[in-house]
Amino acid sequence: MLSDHPQFTERHNRLEKWRALGVDPFGQRCDGLMSAADARALHVDGTPHEGAENAKVAGRIMLLRDIGKLIFITIQDSSGRLQIGLTKQLLAAEWDKAKLLELGDIAWFAGKVGHTNTGEVTIWATAFGLSTKALLPLPDKFHGLTDTELRYRQRYLDLAANPESMATFQSRSGMIAEIRSFLHARKFIEVETPMMQSMPGGAAARPFLTHHNALDIDLYMRVSPELFLKRLLVGGMERVFEINRNFRNEGIDTRHNPEFTMLELYEAYSDLAGMMELTETLVATLAKKEAQRSGQIGDAVVLPYGERRINYTAPFMRVAYGELFATHVGVDMKDASAVRAAAHKHGLANTGGKDADVLRGELFEHLAEPSLKEFDRPVFVYDYPAGLCPLTRRKPGDPSLAERFELYVAGMELANAYTELNDPMVQYETFSSQLAGLPDHESMARMDHDFVTALCHGMPPAGGLGIGIDRLIMLLTNSTSIRDVVLFPLLRPAPRPAADDPSAPIA
RNA sequence: GAGGCCGUAGCUCAGCUGGUAGAGCAACAGACUUUUAAUCUGUUGGUCCUGGGUUCGAUCCCCAGCGGCCUCACCA
């Protein structure tokens, strides 16, 4: 049984009626189509009721009003919706087929673009055909699909029935194209580095483990492309970027999906300041395009996000890590004993065994980071404690600080950038001390000898930047859950229907 | 991993101090040549998430499980 849906049989009967009329219900190629939006644009002031220009469109039947010898159908394609009028008078011999069309079917229509008595732009069909018979019905034609679980599990229904969802993913695609074109204009080249790695590095995150049969080795899904992209700097690719998936075996919530898309880029001879300029320009540019798309005019770029409105007009705010720390923890970050006392006071466990910078990081996360969601502008936080950033160059004149910033928008970490560390000896020692002090899953990075070797050959001074693409899309499309900007977010597998044989082999 | 909320027809949702369920849309039969979520007449459709318990009786109360959402924890 293909489907136990209660309407499947009725629709299958309808399919047989099409066959009886000599029509292949799973159609074929259709030439000369235009989009519904383009067809609509053929209707201008002065166009007569019955129309002047010819158009041919195809799409899914979303609404159908059968008034006897006249049928109004609203089709939807990726450009939007358009009304088709089918009359017995114009279609004569094809009328039996017109009466067979039903909601959810995919069909094409050709005719002149006119309008109805009430002014609705309408193609008065003189020819049409079934492109694909739908054997299952669409969700409620008015309410769409609201069940969040079904929206994620059956995204095709969400896209077909909920125009806002389609719009979000169209925006996503457009924004990623913008990012590529922005970087190409700045002479970056796009590369792809391994997603399956024998040693996961570049970020302190739990990896997924998998296995290669022929080589009989375990492999990790990457948590970051960083160490490979830097090898490319050593090789002479001076400006590289990758937009691709990272995989982190951690919790799932509104801001985290186990696989997520990162933009990571490296620019030789640049530094943290260069990355800040690039980030600010890129994010402000994208926000401006989105604001224009939604009809905003003028120089200010303000986009809604949940309950608040974020102003993306450059320059963004800039605040030193230590400044936020002093304000919210109430202690000078450089005063190690005061930091330890503060950690103890705020009940952080095992204060004794931890590195002082780890304590600083924890205090910051608990006390300072929450305040970042109060800002209605993007804010760069810079000058991080060096111990939290093993792949980052120290600040000239203050080795306790690292040349790093994070960009926070609406309290979300959106971007992370560094002046990259390129001293192989410092790198080696940092790796070593990180591995010695902490359990594996907490270590900031694992020892990667080949990476150290690469640095020995010389990596140019560089700035590096990572931007969480999903989060960026969330902010710009006003989506408060990452699952609304990831087409197929990870869910627990749906329970297997009882009728299925649980021992059936998986293809 | 912890807490809160939720799960009723294909979809969107009502309902009940405990007495085995309703509406709209969709579907089916019919009417209709200018509709706009078309309208009108008639009809079909339910493991009230699953399994226990309490009770004369559970969709409703209790416990456990499954799934989802939210908050927190985890988290370059």
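A, B, ... follow the sequence lines: proteins, then strands. Residue 1 opens every chain.
Separation of the C1' atoms belonging to B:rC32 and B:rA38 is 11 Å when rounded to the nearest angstrom. A distance of about 41 Å separates the P atoms of B:rU54 and B:rA73, rounded to the whole Å. Taking atom C1' in both B:rG46 and B:rU20, the straight-line distance is 11 Å, to the nearest Å. Rounded to a whole angstrom, the distance from the P atom of B:rU41 to that of B:rG24 is 10 Å. As rounded to the nearest Å, B:rC16 and B:rC60 have P atoms that lie 14 Å from one another. Going from the C1' atom of B:rU43 to that of B:rA9 covers 15 Å, rounded to whole Å. Atom name C1', nucleotides B:rC13 and B:rU59: the rounded distance is 16 Å, in whole Å. Across the P atoms, B:rC40 and B:rC25 are found 8 Å apart, a figure rounded to whole Å.
B:rA37 atom C1' lies 6 Å from atom CZ of A:Phe142, rounded to whole Å. Spacing between atom CD of A:Glu10 and atom P of B:rA29 amounts to 7 Å, rounded to whole angstrom units. Rounded to an integer number of Å, the gap from A:Glu120 CD to B:rA37 C1' is 13 Å. Per the geometry, OH belonging to A:Tyr152 stands 6 Å off P belonging to B:rC69, to the nearest Å. Protein atom CD of A:Gln89 is 13 Å distant from nucleotide atom C1' of B:rU34, rounded to whole Å. Remark: C1' of B:rA26 and CG of A:Leu136 are 13 Å apart, rounded to the nearest angstrom. Remark: P of B:rC25 and CZ of A:Arg65 are 15 Å apart, rounded to the nearest angstrom. The distance from atom CD of A:Glu149 to atom C1' of B:rC5 is 15 Å, rounded to the nearest whole Å.
Ion pairing between a basic and an acidic side chain is recognised when a charged N comes within 4.0 Å of a carboxylate O; A:Glu10 and A:Arg14 show no such pairing. A salt bridge links A:Arg231 and A:Asp450; the closest N-O separation between the charged side-chain nitrogens and carboxylate oxygens is under 4.0 Å. Comment: A:Asp398 does not engage A:Lys395 in a salt bridge, judged by the lack of any side-chain N to carboxylate O separation of less than 4.0 angstrom.
Residue-level contact check: A:Ile71 touches neither bases nor backbone, having no heavy atom under 4.0 Å from any strand. Note on A:Arg81: nothing from the nucleic acid sits closer than 4.0 angstrom, heavy atoms only. Residue contacts for A:Arg151: at a heavy-atom cut-off of 4.0 Å it reaches no nucleic acid atom on any strand shown. Using a 4.0 Å heavy-atom criterion, one finds that A:Trp95 contacts no nucleic acid atom at all.
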side-chain contact (heavy atoms from CB on, under 4.5 Å), that's the test. Do A:Leu414 and A:Tyr408 meet it? Break it down for me.
CA-CA 6 Å; A:Leu414 181 63; A:Tyr408 284 84; over 6 Å; no
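Counting only distance, with no hydrogens or angles, the side chain of A:Arg394 and the backbone of A:Pro399 share a donor-acceptor pair below 3.5 Å.
Heavy-atom neighbours of A:Tyr428 OH from other residues, nucleotides or ligands within 6.0 Å: at or below the threshold of 12. Crowding of A:Lys373 atom NZ: a count of heavy atoms from other residues, nucleotides or ligands under 6.0 Å not exceeding 12.
Residue A:Thr254 places no side-chain N or O under 4.0 Å from the OP1 or OP2 atom of B:rC69. OP1 or OP2 of B:rA27 has not a single side-chain nitrogen or oxygen of A:Arg14 nearer than 4.0 Å. At the phosphate of B:rC75, neither OP1 nor OP2 sits under 4.0 Å from any side-chain N or O atom of A:Arg248.
Ring geometry, A:Phe247 versus A:Phe208: the interplanar angle exceeds 60°, so the pair is classed perpendicular (tilted spans 30 to 60°). Classified by interplanar angle (parallel below 30°, tilted 30° to 60°, perpendicular above 60°), the ring pair A:Tyr321/A:Phe364 is parallel.
Comparing B:rA37, B:rG67, B:rC74 against the side chain of A:Arg492 picks out B:rG67 as the nearest. Each of B:rC69, B:rC70, B:rC74 was ranked by its minimum atom distance to the side chain of A:Thr148; first place goes to B:rC69. Picking from B:rC74, B:rC28, B:rC70 the nucleotide with the shortest atom distance to the side chain of A:Glu102 gives B:rC28.
With a 3.5 Å ceiling on both atom-pair distances, B:rG46 lacks any Watson-Crick or G-U wobble partner. Nucleotide B:rU54 forms a pair with no other nucleotide shown, judged by Watson-Crick or G-U wobble geometry with both contacts under 3.5 Å. Across every strand in view, B:rA29 sits in a pair with B:rU41 that passes the Watson-Crick or G-U test at under 3.5 angstrom. Pair check for B:rU71 finds B:rA2; Watson-Crick or G-U wobble, both atom distances under 3.5 Å. Judged by Watson-Crick or G-U wobble contacts below 3.5 Å, the nucleotide B:rA21 has no partner.
Counting heavy atoms from C-beta outward, A:Gln83 and A:Leu63 have side chains that stay 4.5 Å or more apart.
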Please list each protein N or O that sits under 3.5 Å from an N or O in nucleotides 6-13 of chain B, with the distance.
unit_1	atom_1	unit_2	atom_2	d
B:rG10	O4'	A:His5	NE2	3.1
B:rG10	O2'	A:His5	NE2	3.2
B:rC11	O2'	A:Asp140	N	2.9
B:rC11	O2'	A:Gly144	O	3.3
B:rC11	O2	A:Asp140	OD2	3.1
B:rU12	OP1	A:Thr146	N	3.1
B:rU12	OP1	A:Thr146	OG1	3.3
B:rU12	OP1	A:Asp147	N	3.0
B:rU12	O3'	A:Thr146	OG1	3.1
B:rC13	OP1	A:Thr146	OG1	3.4
B:rC13	OP2	A:Thr146	OG1	3.4

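Take the nearest nucleotide of RNA chain B for A:Thr116 and for A:Arg255: the residue whose nucleotide is more 5' is A:Thr116. Along RNA chain B, the nucleotide closest to A:Glu406 and the one closest to A:Asn117 are compared, and the more 5′ of them pairs with A:Asn117.
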